[in-house]
Amino acid sequence: MNLDNCPRCGRLYVKNVMELCQPCIKELEHQYEACAKYLRENKEADIQELSDATEVSIKEITRFIKEGRISIANAPNMMYPCEVCGTLIREGHMCDSCRSRLTKDLMNSSQKSKADDPSAKKPGGAYHAVEKHRNI
């Protein structure tokens, strides 16, 4: 029997798919139902309004959205925070600005590592030495 401590409340529980104890799973389901009910009645609500009305944290609401449990397709004002800067977005994990900055930083890092690589500066690299040896 696999036992673990619940990450939400610290109780000891038998490991399951949700990785939460049964009381926390029930509480999470209650929170989800409250959010879903509120959104059915208030389609124009934003995430802050939903959080205030249901007393469910923005983090949990965001998790419901990312898991696909709460659909934002019919909720035009429903957005959740970018994981990097907190700007409100409707899809993915990052806003366009953070995504382009990450891409740019990765490109710069890749170019810098190529420039710092001593084998990249020598023409032909290791294969050139082998080919040169064969020609002798």
Check: Stepwise, does the side chain to side chain contact (heavy atoms under 4.5 Å, CB included) test hold for Val56 with Ser51?
Finding: CA-CA 5 Å; Val56 176; Ser51 177; 5.6 Å; no

Next item on the list: Give every residue pair that meets the salt bridge (charged side-chain N to carboxylate O under 4.0 Å, His left out) criterion with at least one member in residues 12-22, sequence neighbours excluded.
Entry: none

Notebook entry, point to check: So how far is it from Cys98 SG to Ile89 CD1, rounded to the nearest 0.5 Å?
Noted result: 8.5 Å

Check: Taking only residues two or more places apart in sequence or in another chain, which ones pass side chain to side chain donor-acceptor pair (under 3.5 Å) with Glu67?
Finding: Arg63

Check: Roughly how far, to the nearest 0.5 Å, is the OG atom of Ser100 from the CE atom of Met107?
Finding: 12.5 Å

Notebook entry, point to check: Backbone N or O of Ile58 within a donor-acceptor pair of the Thr62 side chain at under 3.5 Å?
Noted result: yes

Next item on the list: Give, for atom SG of Cys24 and atom NZ of Lys26, the distance between the pair rounded to the nearest 0.5 Å.
Entry: 11.5 Å

Next item on the list: Specify the closest pair of heavy atoms between Ala45 and Leu39, including all atoms of both residues, with the distance to one decimal.
Entry: CB-CD2, 4.3 Å

Check: Would you say Asn16's side chain and Leu20's backbone share a donor-acceptor pair under 3.5 angstrom?
Finding: yes

Checklist line | side chain to side chain contact (heavy atoms under 4.5 Å, CB included) partners for Val14, two or more places apart | finding: Met1, Leu3

Next item on the list: Could you tell me which residues satisfy side chain to side chain contact (heavy atoms under 4.5 Å, CB included) with His93, sequence neighbours excluded, listed by chain and number?
Entry: Lys66, Glu83

Note to self: Could you go through Glu60 and Leu28, starting from their C-alpha distance and side-chain angles, then the distance that decides it, and tell me whether this counts as side chain to side chain contact (heavy atoms under 4.5 Å, CB included)?
What the structure shows: CA-CA 9 Å; Glu60 283 300 331; Leu28 196 62; 3.1 Å; yes

Margin query: Enumerate the ring-ring contact (aromatic ring centres under 6.0 Å, His included) contacts for residues 37-70, please, sequence neighbours excluded, ordered by first and then second residue.
Written below: Tyr32-Phe64

Check: In Å and rounded to the nearest 0.5 Å, what is the CD1 to CD1 distance from Ile61 to Ile70?
Finding: 6.5 Å

Notebook entry, point to check: In chain order, what residues pass the ring-ring contact (aromatic ring centres under 6.0 Å, His included) check against Tyr13, with sequence neighbours excluded?
Noted result: none

Notebook entry, point to check: Between CZ of Arg11 and SG of Cys21, what distance do you get to the nearest 0.5 Å?
Noted result: 4.5 Å

Next item on the list: Measure from the side-chain N and O atoms of Thr87 to the backbone N and O of Cys95, and report whether any donor-acceptor pair falls under 3.5 Å.
Entry: no

Notebook entry, point to check: Gln22: what forms a side chain to side chain donor-acceptor pair (under 3.5 Å) with it, not counting sequence neighbours?
Noted result: none

Note to self: Which residues pass the salt bridge (charged side-chain N to carboxylate O under 4.0 Å, His left out) test with Arg69, not counting sequence neighbours?
What the structure shows: Glu29

Next item on the list: For Asn5, enumerate each residue passing the side chain to side chain donor-acceptor pair (under 3.5 Å) test, keeping only those at least two apart in sequence or located in another chain.
Entry: none

Check: Do Ile65 and Met78 come within less than 4.5 Å of each other through their side chains, counting heavy atoms only?
Finding: yes

Check: Tell me the salt bridge (charged side-chain N to carboxylate O under 4.0 Å, His left out) pairs involving residues 35-49, sequence neighbours left out?
Finding: none

Check: When Ile, Leu, Val, Met, Phe, Trp and Tyr are grouped by side-chain heavy atoms lying under 4.5 Å apart, directly or through other members, which residues fall in the same group as Leu102?
Finding: Val84, Met94, Leu106

Notebook entry, point to check: Is there any salt bridge (charged side-chain N to carboxylate O under 4.0 Å, His left out) pair reaching into residues 84-107, and which pairs are they, with sequence neighbours excluded?
Noted result: Asp96-Arg99

Item checked: Working for side chain to side chain contact (heavy atoms under 4.5 Å, CB included), residues Thr54 and Gln31 -> CA-CA 8 Å; Thr54 60; Gln31 290 177 346; over 6 Å; no

